[in-house]
There are 2 protein chains.
Amino acid sequence: MADELLDRIIEGEFPPGSTVPGEHELSARHEVSRMTVREAMKTLQAQRILSVERGRGTFVNPLSSWASLEAVLRAAAEGKNDADASIQLIELRRMLETGACELAAGRIAEEDIEALFNYVAAMKAAHSINDVAAFVEADLAFHDVILRASGNVFVSVLFEPLHRVLEKRRAETSAVPAIQEHAIGHHQNIAEALESRDAARARQAMDEHMQQTLDDLKQLVLETK
Amino acid sequence: MADELLDRIIEGEFPPGSTVPGEHELSARHEVSRMTVREAMKTLQAQRILSVERGRGTFVNPLSSWASLEAVLRAAAEGKNDADASIQLIELRRMLETGACELAAGRIAEEDIEALFNYVAAMKAAHSINDVAAFVEADLAFHDVILRASGNVFVSVLFEPLHRVLEKRRAETSAVPAIQEHAIGHHQNIAEALESRDAARARQAMDEHMQQTLDDLKQLVLETK
DNA sequence: AAATGCAAGATGTCAGACATCTTACAGTTA
DNA sequence: TAACTGTAAGATGTCTGACATCTTGCATTT
């Protein structure tokens, strides 16, 4: 129900600033009770997609104030090709991961450094036996260690929805052997940079990894076009 | 109602992984109808604070998967002093703003550059007549131009809740004349760097500004202790 | 012309009922 | 004894209908 209404909003039926139909009308239109409509609206309100003013109506917020990355992604992909959206997501990931890596260099614990090298070893092992699932798992775990080691809880909060959106695509890129080899080298560099506790070096190592990821994605997108 | 329940969760009455009381029980406890309880839960669900499993119950998610910056901030400030949380928020802002500034260098339009210099002029004017509100307004507008000029819609989405959380504190720091002067210089540098369309220089200029902001905040926090 | 009153329509809240799903436990059967 | 099954309890999901409260526009009154 919430998804259906969001679809109608995204398709432009109710542009930002306008009101959505009343609860009774939506109830009739979607063939559910008014209570179900209200619960769906509560979901969209919590994501700051809708604003409710008692006695007046329910209004669609401008896209810039939406708090749901998924919803914005759906809206951004509407009509255009979503290649642009994919690139922007990687750009965002780059900001957060390079920043977190820079912070982690000064805060990471010995055991976490050890864990990083273990995950690199796991990636190498998975690569050698062609186990894509294991490779992706070690890859994700590696990045997760760094995010936690940044000591900044809010980074994880902002990264979590991004993670959810990106994980589907990561399986695709990680299936290419050449990309796996690139990734292993970069992860090795990152782990070594963090071990040296040099913030600038750690940031640069992660930044190069992100650049590589972006290039890989662009190439993949270009090929499938 | 949603806030009351969130308070009880944050206070540790329902730790992550546990279930919250049933809808009937909460209805009785808070003296509202079951429907109101359900709507409040829908709000917390949309923020990924609660997960509902039909027939089993409603569970509290681990803090790392919460999607609401405000809620995490409240939880982080619980018990400890919130100085640490403030610093982490600035760290986060730093990641997003330096990243956006780097992107903007290659994409910003001529008219936006002009707008930046106009806002710097407005900050100078406000500073000379001691108009704090006007100063803050120009400051916010300046940063908003850069975020939009980054050409990345998702940056704005992630930054918006951060903006809301930080704006209260910004008024405090901006009230100090010396800090205003620092800020004017940094903004001037940023605008010039963007004008030169040199990504590395733009990033560095913004990074220095963020470092200054962080130092100002630390000093302010230390003084009030 | 201004102030007042009222009605329509919107959201907010409530109560009670039934449906559906999960789980545990007792009873049945091989 | 062990495995299977049926049933009841408790949880969330949905529905219906009603009343409360707020906003707004319009007709009425002054």
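Numbers restart at 1 for each chain; the letters A, B, ... are given by sequence-line order, proteins then strands.
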- prompt: A:Gly55 or A:Glu39: which one's nearest nucleotide on DNA chain D is closer to the 5' end?
  reply: A:Glu39
- prompt: Where along residues 19-37 of chain A does a heavy atom come under 4.0 Å from DNA chain C, residue by residue in number order?
  reply: A:Gly22, A:Glu23, A:His24, A:Arg34
- prompt: For atom CD of B:Glu137, is the number of surrounding heavy atoms from other residues, nucleotides or ligands below 6.0 Å larger than 12?
  reply: no
- prompt: Could you state the interatomic distance from OG (B:Ser156) to CZ (B:Arg148), rounded to the nearest 0.5 Å?
  reply: 8.5 Å
message: Strictly distance-based, threshold 3.5 Å: is any side-chain N or O of A:Thr213 a donor or acceptor partner for the main-chain N or O of A:His209?
response: yes
task: Classify the angle between the aromatic ring planes of A:Phe142 and A:His187 as parallel (below 30°), tilted (30 to 60°) or perpendicular (above 60°).
output: perpendicular
task: Mark yes when over 12 heavy atoms from residues, nucleotides or ligands other than B:Tyr119 sit less than 6.0 Å from its OH; otherwise mark no.
output: no
query: Taking the nucleotide of DNA chain C with the closest heavy atom to each, which residue, B:Glu53 or A:Lys42, is nearer the 5' end?
result: A:Lys42
- request: Tell me, please, the opening and closing nucleotides of DNA chain D, 5' to 3', among those with an atom under 4.0 angstrom from a non-hydrogen atom of chain A.
  value: D:dT14 to D:dT24
task: Using a 4.0 Å heavy-atom cut-off across all strands, classify A:Arg56 as base, sugar-phosphate, or nothing.
output: sugar-phosphate
- request: Using atom CZ of A:Arg38 as one end and atom P of C:dA15 as the other, report the distance to the nearest whole Å.
  value: 15 Å
message: What's the separation between atom OG in A:Ser33 and atom CE in A:Met35, rounded to the nearest 0.5 Å?
response: 6.5 Å
field: Approximate separation, where rounding is to 0.5 Å, of B:Phe14 CZ and B:Leu6 CG
entry: 11.5 Å
Gap separating the CZ atom of A:Arg164 from the CG atom of A:Leu166, nearest 0.5 angstrom: 11.0 Å
